[in-house]
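Structure first, then comments.
Naming: A, B, ... by sequence-line order, numbering from 1 per chain.
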There are 2 protein chains.
Amino acid sequence: MSSTPRRSTIIEVARLAGASKTSVSRYFGDERERLSPSLQTRIAQAAHTLGYQPNQMARGLKGGHSKLVGMLVADIRNPFSVAITHGVEQACRQYGYSLLVGNTDNDPEQERQHLALLSAYQVEGLVINAAGSPERQLHTVIHQGTPVVLLDREVNHVDAAVVGLDNHQAVDMALEHLTEQGYQAVLYVSETPEQSSTRQLRLMCFNQGAQQRALIHATLLLTPSDDTATLNALDTFIADHKQHNCAVLCANGNATLAITRLFQRLGLPLGKVGLMGIDELDWCCLVPPGITTLAQPTDDIGQTAIHCLMHQIAPHTTPMPTQLNFAPTLIKRGSTQP
Amino acid sequence: MSSTPRRSTIIEVARLAGASKTSVSRYFGDERERLSPSLQTRIAQAAHTLGYQPNQMARGLKGGHSKLVGMLVADIRNPFSVAITHGVEQACRQYGYSLLVGNTDNDPEQERQHLALLSAYQVEGLVINAAGSPERQLHTVIHQGTPVVLLDREVNHVDAAVVGLDNHQAVDMALEHLTEQGYQAVLYVSETPEQSSTRQLRLMCFNQGAQQRALIHATLLLTPSDDTATLNALDTFIADHKQHNCAVLCANGNATLAITRLFQRLGLPLGKVGLMGIDELDWCCLVPPGITTLAQPTDDIGQTAIHCLMHQIAPHTTPMPTQLNFAPTLIKRGSTQP
DNA sequence: TTACTAAATAGGAGCGATTCCATTCTGATG
DNA sequence: CATCAGAATGGAATCGCTCCTATTTAGTAA
C-alpha cells in the first residue's frame, strides 16, 4: 500500500516559509501586494515544494466565498442549452469562478432538489434556465442574498434579470422574411408553452404579428408522445391551404427537428412549402436545400448572464451589462424560397 | 433594504429542537436510525420551521465528504460529450452526489487549471475525458487518494479504468457492413489522433481491418482550419477509384459533419458513394437518404463511469461494473446502399 | 535622538459541520 | 436491589481557512 499523503495545509506552508498563516492566506487571496517581495518569494517557494493548493471548502466556509456559481439547465441535451452553458462556463472562468451545473430534464421536482443542493454548496450566484416555476425557492434564495439571473425564461413574480433573445424582434423578423418570400399561410409549431415564458411570448408575438400582416395562420403544439397527431395536423394545414403558399415556423430547435422529420415523411417539398426555425443547428445547412433559421448569439447570452451576476456579486468592480435581450441573426437558406 | 437572514445553522436547529448539535448532525447524516423517534420528529420539525439545510462546505471540510464529483470534458459542444455528461449527471444524483463540470475546449492548459481547481474543491472522485495528457497531475491526484475514471480516452501511464466504446468491435462492424454492401475502396476520415487514444486506436483498427479484408483504403486527417485541403483529398480519392465502389468512414460525429458538408459541396451522390460514421446524431436520418451510423450507448457509458467511481469511493456498498467497453449499434440508412 | 505614522507581519477567534469520547438513561439479569 | 450492557444523547476538539485585532518594523519629521 502506498501511503496516502494528505494534501498539505496552509500551516505547513507557513512553517516552511517561516511566515504566519495570515501571510500565506494573503498571498493566495487577493492581497498579495501587501506582502514584501522577499516574503512573497519565500511563500511561493514553500508552496511550490509542498504542492500546496488552498482548500476551497475551507475558504468557502470561513469567508463565505465559495467561488462557485450554480447553473440550472432545463434540458442539457438541447444544443441551444449547451451553447449557452459554454458561454456561461467561459465567463465564469474569466472571473475565477467554477460552475456547478444541474440538469433538471424539465422536471420541476428535480429542479427543486437541485436548487436546494446548489444553495447548500453556498454558491455565490445562480443562473437559472427554469423548467417549472420554482418561485418559492427562488424567493428564499434571493432573500438570503444570493444573486439570481434567469436565462431565456422568466419566472413569475421573481424579480431578477432575464437574459435571452429578443423574442418580439425574432418572431417579427421571421414573419417579415416569410412574407417577403411570398408565403401567405403560416403554421406556427411550438412545444407546449406552459413550462416556458419564452414559448408563451413567442406564440403571442406570432399570433399578433401574423394578424397584423393579414397572414392566414394557425398554431400547432407538439405532443411529445404522439407523432401522428402532429403529422396529421401538419398535413391538414397544407391541404387546407393548397391554393396559397404555405410555410411552417418552428419555435425552437426541437420543433425544427420534429417538423423536418415530418416534412420528409410527408414528402413535402422544402421551399415550395416553406420551413423556418428559431435556433440555428449544425445540420440546418445539410438538409437540402438548407433550412432557414434565426440564430441566437448563444455565447453572448451565456456570458452576459454571468456579467450580470458578477455585477450583483461585486457591484463596484463590474459594470452591469446594458443589453439583456439579444437580436437574432437571419440565416437565409433554400427552405424559404418557394 | 430587506434584512438578509443568514441561513440557519445546525446550532439553531439544535436549540430549537432542544437537542445537541451531535444529534442534529446524526439526523442529517446517515445515522438517523440511532435517534429515538421522538427526537427525530423534534429535529425534523425544528429543521423545517427554520428551513435548515446542512452547509455542504462545512461538511466537506470536516469529514472530507464533499459529495462532489468532478468531471472534465474535452469538448462540451460535442453532442457525444453532452450525451455522456447526461448519463454521468443522472448517475451522480442517484448516488447523492453533485457534479462539478469543467470544459477544457481541448486545451491542455485549461485542462491543467481545471484539474487543479477540481481537486481544490475536494471532489471525491474524478471523471475525465482527457484533452491532453495530464499524466503528472493525475498521478498526484490519484496518489492523494482520489479515485479517477477515464471516459472514452485513456491517458498514458495512468492506471485507471477506462469506460467507453469497444473501438475494435466498432471499426470491425463498420468495415463488415461496408464490405457487405459492396464497397471496395474506403477512405477513413478522422480528426488528428495525437490528442486522443481513441482516435489512434480506431485508426489502427481501420488500417488493420481494411487490410485483412483486402479493401483498397486510405486515411485522411481533418485540418480544422483548411477545408479545401480536405475537399481536394476527398475529391482525389473518389476520382482515383472511379472504377470501384467508394465509401467514406468517419471516425466520429465531427468528422461526419464535416464530410457531409463536403459531399454536398462536391455534389457526391450519397449511397453511390458510401458514407458512414461512428456516433449517431440527430440529423443523420434527415439528410436524404439518411446516413448510416454506429450509435454509442452514451447513457450507459456515462452511468457506468460513475458506478465505477462509486465502487472505488465505497468499495463495499457498490459493485464494480463488469463491462467497461460497450458495443455500438449499427443503424443502417441509405448512405451505404450503392 | 525621540515621537509618531504607516506598512508589514503575526496571533487567534471563529465559520458550520463531523466525530471521538464521555455521560445518561433504559431495562434485563442475578 | 444492585449491577451492567447497550442504546441514546451530549460535549468539545477539530477540519483549513479568513479576517479582525494586535504587534513589530521601517520611515519620516521635529
ask   = Residues in side-chain contact (heavy atoms from CB on, under 4.5 Å) with B/Val155, at least two apart?
value = B/Ala130, B/Ser133, B/Pro134, B/Glu135, B/Leu138, B/Leu150, B/Val158
task = If a pair satisfies salt bridge (charged side-chain N to carboxylate O under 4.0 Å, His left out) and one of its residues is in residues 123-134 of chain A, list it, with sequence neighbours excluded.
result = none
Degree of bending, the helix from C/dT1-D/dA30 to C/dG30-D/dC1 (end axes from five pairs; round to 10°) = 50°
List, with names and distances, any nitrogen or oxygen atoms from the protein found under 3.5 Å away from nitrogen or oxygen atoms belonging to nucleotides 5-8 of chain D.
unit_1: D/dA8; atom_1: OP2; unit_2: B/Arg34; atom_2: O; d: 3.4

ask   = Between A/Arg32 (CZ) and C/dA8 (P), how many Å, whole number?
value = 15 Å
query = With sequence neighbours left out, what residues match A/Glu89 under salt bridge (Lys or Arg N to Asp or Glu O under 4.0 Å)?
reply = A/Arg93
ask   = Any salt bridge (charged side-chain N to carboxylate O under 4.0 Å, His left out) pairs touching residues 19-30 of chain A, not counting sequence neighbours?
value = A/Arg26-A/Glu31
query = Who passes salt bridge (Lys or Arg N to Asp or Glu O under 4.0 Å) against B/Arg112, sequence neighbours left out?
reply = B/Glu109
B/Gln45: partners by side-chain contact (heavy atoms from CB on, under 4.5 Å), with sequence neighbours left out = none
ask   = In B/S/- notation, 5' to 3', how is nucleotides 15-20 of chain C contacted by protein heavy atoms closer than 4.0 Å?
value = BBBBBB
inquiry  = Between C1' on D/dT18 and OH on A/Tyr27, what's the gap in Å once rounded to a whole number?
reply    = 18 Å
note = Between CZ of B/Arg15 and P of D/dG11 the distance, given in whole Å, is 12 Å
remark   = The side chain to side chain donor-acceptor pair (under 3.5 Å) partners of A/Gln122 (sequence neighbours excluded) come to none
request  = List for me each residue that meets ring pair (Phe, Tyr, Trp, His ring centres under 6.0 Å) alongside A/Phe80, sequence neighbours excluded, and say none if there are none.
outcome  = none
request  = Can you run down the side-chain hydrogen bond (donor to acceptor under 3.5 Å, both in side chains) pairs that involve residues 99-108 of chain B, sequence neighbours left out, and say none if there aren't any?
outcome  = A/His86-B/Asp105, B/Asn103-B/Asp105
message = Any heavy-atom pair between the side chains of B/Phe28 and B/Gln53 that's under 4.5 Å?
response = no
